[in-house]
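What follows is a short report on a single structure.
Since the structure is predicted, the reported quantities are computational estimates derived from the model, not experimental observations.
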Amino acid sequence: MGLLEERLSLYGEMVDRAIISYLPDDNCLQQHVMQAMKYSITAGGKRIRPVLVLEFCRQCGGDPQAALAFASALEMVHTYSLIHDDLPCMDNDDMRRGRPSCHIQFGEANALLAGDGLLTLAFETLAKADKQVVGTENIVKAVSILSQAAGVLGMIGGQVIDLESEGKKTDLAHITQMYSLKTGALLKAGTQLGCLAGNGSEEQMSLAGTYAEKIGLAFQIVDDILDVVSSAEILGKPIGSDEENEKSTFVTLMGLAQAQGEVEKLSREAKDILDEWGTSDTFLYELTDMLAHRQK
């Protein structure tokens, strides 16, 4: 097992255990919604956002264990967004990660409330970070970073732009802005939360944020590509939704070859930032390549 696989496995296990520990006990009258929360957040996935939290904490000289509350909170926000994205009023997707979406399994009302439950639990979890190690001031900063990244100036804003773009011809600048909010904001939050947990410098926070912006845009362009060339069996969710909803994407505007070229360019720029940072090993370089060449 190489460094990439070894560390991804380690971080994944750490995050999975931590998330379970933060979930509320479901031995109560409202257990159905709690089961829906657990169903969605334990469904697997790449855990890229919490991985970035733990790794950038490590890169700043901190102990990744100290970043687990931040990492778990970020994954809760991400999972809530997926639950809501799948609802009939949004993307109306019946499958997520190879199994029925939360609203198919538990009903629309419980899925809506499960998403809300994870969102609010995220901020409760942030507050449980180790104040002795992370510092009270950094916990307050983490609340500010995550709330902005998840809100109308971040992920929600990107989703609104996405919904309003359906059936319209848009340009690359419009799509890039949408992607920077819808996908890039939480990835950027992940790198910066990691720096906070590791008591990193302002310069490290800035470099980490710029790195995330590069891989975030590349990540979304790869999503555009996979929506055209992959299959529902591989992705674990429906494909062709961009064409069905008449969305402009990097693929529709640039073509497959040029879109892939843009992914490679952004990945090179991300690695240039890692050069400037002076990382201690190749993990983030390998992660950058993995995200650029992923098949699902």
Side-chain angles (χ1 to χ4, degrees), residues 8-54 65 67-129 142-143 146-147 149-151 154-156 159 163 182-183 186-187 189-190 193 232-239 241 296:
L8 284 176
S9 176
L10 172 64
Y11 285 164
E13 290 171 5
M14 289 170 64
V15 169
D16 288 347
R17 286 196 300 268
I19 285 173
I20 290 296
S21 75
Y22 288 119
L23 290 174
D25 182 2
D26 63 6
N27 185 25
C28 56
L29 291 177
Q30 63 269 41
Q31 63 180 254
H32 206 53
V33 72
M34 293 178 180
Q35 290 165 358
M37 292 163 63
K38 185 175 182 179
Y39 173 85
S40 292
I41 204 162
T42 60
K46 292 176 281 293
R47 303 289 198 217
I48 296 304
R49 292 153 191 83
V51 162
L52 289 173
V53 178
L54 301 187
Q65 287 284 347
L68 281 171
F70 288 2
S72 300
L74 182 58
E75 188 69 0
M76 289 172 190
V77 170
H78 174 56
T79 303
Y80 121 76
S81 75
L82 299 181
I83 294 172
H84 283 192
D85 274 355
D86 289 339
L87 289 170
C89 63
M90 292 288 186
D91 293 343
N92 195 24
D93 285 332
D94 292 347
M95 298 293 292
R96 170 69 63 178
R97 292 171 176 164
R99 62 180 188 171
S101 300
C102 189
H103 70 276
I104 298 297
Q105 190 75 12
F106 292 91
E108 287 183 39
N110 275 313
L112 179 69
L113 292 170
D116 292 344
L118 285 169
L119 175 60
T120 49
L121 181 61
F123 291 95
E124 179 184 338
T125 301
L126 282 181
K128 292 179 178 177
V143 171
L146 185 55
S147 57
M155 182 183 66
I156 288 175
Q159 179 69 1
L163 289 170
K182 184 177 178 181
T183 302
L186 283 192
L187 289 170
L193 290 175
E233 289 74 25
I234 293 174
L235 290 183
K237 62 180 181 179
I239 65 162
S241 57
K296 61 180 181 178

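Residue pairs meeting the salt bridge (charged side-chain N to carboxylate O under 4.0 Å, His left out) criterion with at least one partner in residues 115-129, sequence neighbours excluded, are E124-K128. For residues 15-26, the set of pairs meeting the salt bridge (charged side-chain N to carboxylate O under 4.0 Å, His left out) definition, not counting sequence neighbours, comprises D16-R47.
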Practice task
Give the C-alpha distance, both sets of side-chain angles, the deciding distance and a yes or no for side chain to side chain contact (heavy atoms under 4.5 Å, CB included) between L113 and Q30.
Solution key: CA-CA 11 Å; L113 292 170; Q30 63 269 41; over 6 Å; no
Practice task
Tell me, with the steps shown, if L112 and H84 meet side chain to side chain contact (heavy atoms under 4.5 Å, CB included).
Solution key: CA-CA 6 Å; L112 179 69; H84 283 192; 3.7 Å; yes
Practice task
Starting from the C-alpha separation in whole Å, work towards a yes-or-no answer on side chain to side chain contact (heavy atoms under 4.5 Å, CB included) for L23 and L121.
Solution key: CA-CA 8 Å; L23 290 174; L121 181 61; 3.9 Å; yes
Practice task
For S81 and Q159, run side chain to side chain contact (heavy atoms under 4.5 Å, CB included): C-alpha distance rounded to whole Å, both residues' side-chain angles, the deciding distance at 0.1 Å, then the answer.
Solution key: CA-CA 10 Å; S81 75; Q159 179 69 1; over 6 Å; no
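The structure places CD1 of I83 at 13.5 Å from CD of E108, a figure rounded to the nearest 0.5 Å. Going from atom CE of M76 over to atom CG of L119 covers 11.0 Å, rounded to the nearest 0.5 Å. The NZ atom of K182 sits 12.5 Å away from the CD1 atom of I156 when rounded to the nearest 0.5 Å. Atom CG of L186 and atom CD of E75 lie 9.5 Å apart (nearest 0.5 Å). One distance of note links CG of L74 with CG of L52; it measures 8.5 Å at 0.5 Å rounding. Of the inter-residue distances, the one linking T79 atom OG1 with R96 atom CZ reads 9.5 Å to the nearest 0.5 angstrom.
Across R97 and S40, no two heavy atoms sit closer than the pair NH1-O, 4.0 Å. Across all non-hydrogen atoms, the minimal contact from Y39 to C102 is CE2-CA, 4.3 Å. The two residues S147 and V143 have their closest heavy-atom pair at OG-O, 2.7 Å. Here the closest heavy-atom approach between residue M90 and residue D85 is recorded as CB-O, 3.2 Å. Here the closest heavy-atom approach between residue A114 and residue A36 is recorded as CB-CB, 3.8 Å. Considering every non-hydrogen atom in both A122 and V77, the closest pair reads CB-CG2, 3.6 Å.
Counting heavy atoms from C-beta on, the side chains of K38 and I20 come closer than 4.5 Å.
Remark: side-chain polar atoms of T125 are not paired, donor with acceptor, to backbone N or O of A73 under 3.5 angstrom.
With sequence neighbours left out, the ring pair (Phe, Tyr, Trp, His ring centres under 6.0 Å) criterion links Y11 to no other residue.
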